[in-house]
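Have a look at the structure below before the remarks.
When reading the values below, keep in mind they use all heavy atoms of this one structure, side chains included, and skip hydrogens, waters and symmetry mates.
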Amino acid sequence: MIEAVTWKNRAEDIALNGAGGELESPDGCTRTWENRHMPENPVPAWAQFGKYLREARREADLSLDGLGARVPYSASLISKIERGVRSPNQDIVQALDSALGTNGELLQAWKDADRARNEPFWFEQAAEYEKQATRICFFHPFVLPGFFQEPEYARILVSHADPSADTRAVEGVADARQGWRETLRGAHLEVVIPEQVLRADVGGSEVMRPQLDRLVREAADASATIQVLPVGVPDFSWTVGAFRLMYRQYKPFMLCTEHAGGETLSRDKSLIQQLERAFGRLQVWSQSPVDSVEMMVRIRESL
């Protein structure tokens, strides 16, 4: 006996997995979409996409049923996508993007999630958003911003982070970081650097002197504001880790967090607000831009 498959289940099946026909079970029955996809285990990349979809739906003041009425897919399916237990294809995302009026942002979030899932060690996920940014706030508790790193400083960091990296790979990263600064010329950079990072003995004085000179030059550029977070301040906002906030005109703000395996992009509004507050506290506890330059010059002269 063949189990019935409704047109909506069939449409959802294609939306999730692409065209390819029905799947026969060992007993000869054609299984429905519901039967094909158990158990339900959230996938991190799709869970993040699903959270953004849920936020967009709620901002549009739509229930699951209300959104389901606007697209040829059920509320049940949309719920599963929001929970990250189902991975949609481009057709359903385009339909949802149109129904929610997100002007391509939902589709871009889907592309980000798909690429993060297939390329978990991709280190340049944020490049496209950085080019669109008008303002970028950056903080790293342990090293200087990559876009301010001198080649030798970058080489040392890369070779220590990955001792197996060959010369070609190390040089590739060093070169990329030099080019990175040029891609950010259209954005105002707000950077907080912990004092201990400036005093760290990365390669000795031969490396740190030109690196500090570079920072002083960058601080004189109208497109950058650099502040130094002194040692011993009674605030622990730095414990949030490394991140950069990217502000785009007329588009949702983006967050990029760094970890041992690379970077993670997020549109999570609650997380962005949390890190905005953390960055604000870091700026309050930091030296003024003028005092920060003076501190960098003093550290440079002490080497």
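Rounding to the nearest 0.5 Å places CD1 of Ile272 at 11.0 Å from CD of Gln274. Taking CG of Asp268 as the reference point, atom NZ of Lys51 lies at 3.5 Å (rounded to 0.5 Å). The line from CG of Leu100 to CG of Leu67 is 5.0 Å long, rounded to the nearest 0.5 Å. The distance from the CZ atom of Arg86 to the CD1 atom of Ile78 is 14.0 Å, given to the nearest 0.5 Å. Between the CE atom of Met295 and the CD1 atom of Ile226 there is a distance of 13.5 Å, given to the nearest 0.5 Å. Considering OH of Tyr52 and CZ of Phe49, their distance stands at 9.5 Å, rounded to 0.5 Å.
Closest heavy-atom contact between Ala75 and Asp65: CB-OD1, 3.2 Å. Listed here is the closest heavy atom pair of Arg300 and Asp213: NE-OD1, 3.1 Å. Across every non-hydrogen atom of Val228 and Pro194, the tightest pair is CG1-C, 4.5 Å. Among all heavy-atom pairs drawn from Gln90 and Leu107, the shortest one is CG-CD1, 3.8 Å. Leu275 approaches Thr257 most closely through the heavy-atom pair CD1-CG2, 4.3 Å. Across every non-hydrogen atom of Asp97 and Gly104, the tightest pair is OD2-N, 2.9 Å.
Neither Ile156 nor Val158 shares a network with the other; the hydrophobic side chains, linked directly or stepwise wherever heavy atoms of I, L, V, M, F, W or Y lie under 4.5 Å apart, form separate groups for each. Taken together through direct or relayed side-chain contacts under 4.5 Å among Ile, Leu, Val, Met, Phe, Trp and Tyr, Ile299 and Val191 form part of one hydrophobic cluster. Linking ILVMFWY side-chain heavy atoms closer than 4.5 Å, directly or via other members, places Val192 and Phe236 in a single hydrophobic cluster. Trp180 and Met254 fall within a single hydrophobic cluster, where Ile, Leu, Val, Met, Phe, Trp and Tyr are joined by side-chain heavy atoms under 4.5 Å apart, directly or via other members. Using a 4.5 Å cut-off between side-chain heavy atoms of Ile, Leu, Val, Met, Phe, Trp and Tyr, with links allowed through other members, Leu303 and Val216 fall into the same hydrophobic cluster.
When atom types are taken as modelled, the side chain of Ser98 and the backbone of Ala95 share no donor-acceptor pair closer than 3.5 angstrom. Side-chain atoms of Arg281 never come within 3.5 Å of backbone atoms of Ser237 as a donor-acceptor pair (strictly under, hydrogens ignored). Checked by atom type and distance alone, the side chain of Ser286 pairs as donor or acceptor with a backbone atom of Leu282 at under 3.5 Å. In this structure a side-chain-to-backbone donor-acceptor pair under 3.5 Å is present from Gln211 to Glu150. Judged by distance alone, with hydrogens and angles left aside, the side-chain atoms of Arg248 form a donor-acceptor pair with the main-chain N or O of Pro252 at under 3.5 Å. Between the side chain of Arg267 and the main chain of Phe253, no donor-acceptor pair closer than 3.5 Å is present. Between the side chain of Ser292 and the backbone N or O of Ser288, at least one donor-acceptor pair lies under 3.5 Å. A distance-only check finds a donor-acceptor pair linking the side chain of Gln227 to the backbone of Gln287 [under 3.5 Å]. In this structure, the side chain of Arg57 engages the main chain of Leu62 through a donor-acceptor pair within 3.5 Å.
For the 3.5 Å distance criterion, the side chains of Asp162 and Ser164 qualify, holding a donor opposite an acceptor. Using a 3.5 Å distance cut-off with no hydrogens or angles, the side chains of Gln94 and Trp110 do not pair a donor with an acceptor. A donor and an acceptor atom, one from each side chain of Glu276 and Tyr247, are located under 3.5 Å apart. For the 3.5 Å distance criterion, the side chains of Thr225 and His188 qualify, holding a donor opposite an acceptor.
At a threshold of 4.0 Å, the pair Glu55-Arg58 does not count as salt-bridged, since none of the basic side-chain nitrogens sits closer than that to a carboxylate oxygen. Between Glu182 and Arg185, at least one side-chain N (NZ, or NE/NH1/NH2) sits under 4.0 Å from a carboxylate O, which counts as a salt bridge.
For Asp166, the CG atom counts as densely surrounded, since its 6.0 Å shell holds more than 12 non-hydrogen atoms of other residues, nucleotides or ligands. No more than 12 heavy-atom neighbours from other residues, nucleotides or ligands sit within 6.0 angstrom of CZ on Arg168. Within a 6.0 Å radius of CZ in Arg217, more than 12 heavy atoms belonging to other residues, nucleotides or ligands are found.
Both tests do not hold together for Arg244 against Phe138: distance to the six-membered ring centre under 6.0 Å, angle to the ring axis within 45°.
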Discussion item. Apply side-chain contact (heavy atoms from CB on, under 4.5 Å) to residues Leu215 and Ile193 and explain how you reach the verdict.
Written reply: CA-CA 10 Å; Leu215 290 174; Ile193 303 174; 4.2 Å; yes
Practice prompt. Would you sort out whether Leu144 and Leu198 count as a side-chain contact (heavy atoms from CB on, under 4.5 Å), showing the intermediate values?
Written response: CA-CA 8 Å; Leu144 295 173; Leu198 298 177; 3.9 Å; yes
Practice prompt. Using the side-chain contact (heavy atoms from CB on, under 4.5 Å) rule, take Phe243 and His140 through it: C-alpha gap first, then chi angles, then the decisive distance, then the call.
Written response: CA-CA 7 Å; Phe243 65 90; His140 198 301; over 6 Å; no
Worksheet item: For Phe147 and Thr183, what are the C-alpha separation, side-chain angles and deciding distance, and is it a side-chain contact (heavy atoms from CB on, under 4.5 Å)?
Response: CA-CA 9 Å; Phe147 45 78; Thr183 66; over 6 Å; no
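Side-chain atoms of Met246 and Gln132, non-hydrogen and from C-beta on, never get closer than 4.5 Å to each other. With a 4.5 Å cut-off on side-chain heavy atoms, Ile81 and Leu53 count as touching. Using a 4.5 Å heavy-atom threshold, the side chains of Lys251 and Asn103 count as separate. Within the 4.5 Å cutoff, no side-chain heavy atoms of Glu190 are placed close to those of Ile136.
No option in Arg181, Arg177, Arg214 other than Arg177 meets the side-chain hydrogen bond (donor to acceptor under 3.5 Å, both in side chains) test with Gln149.
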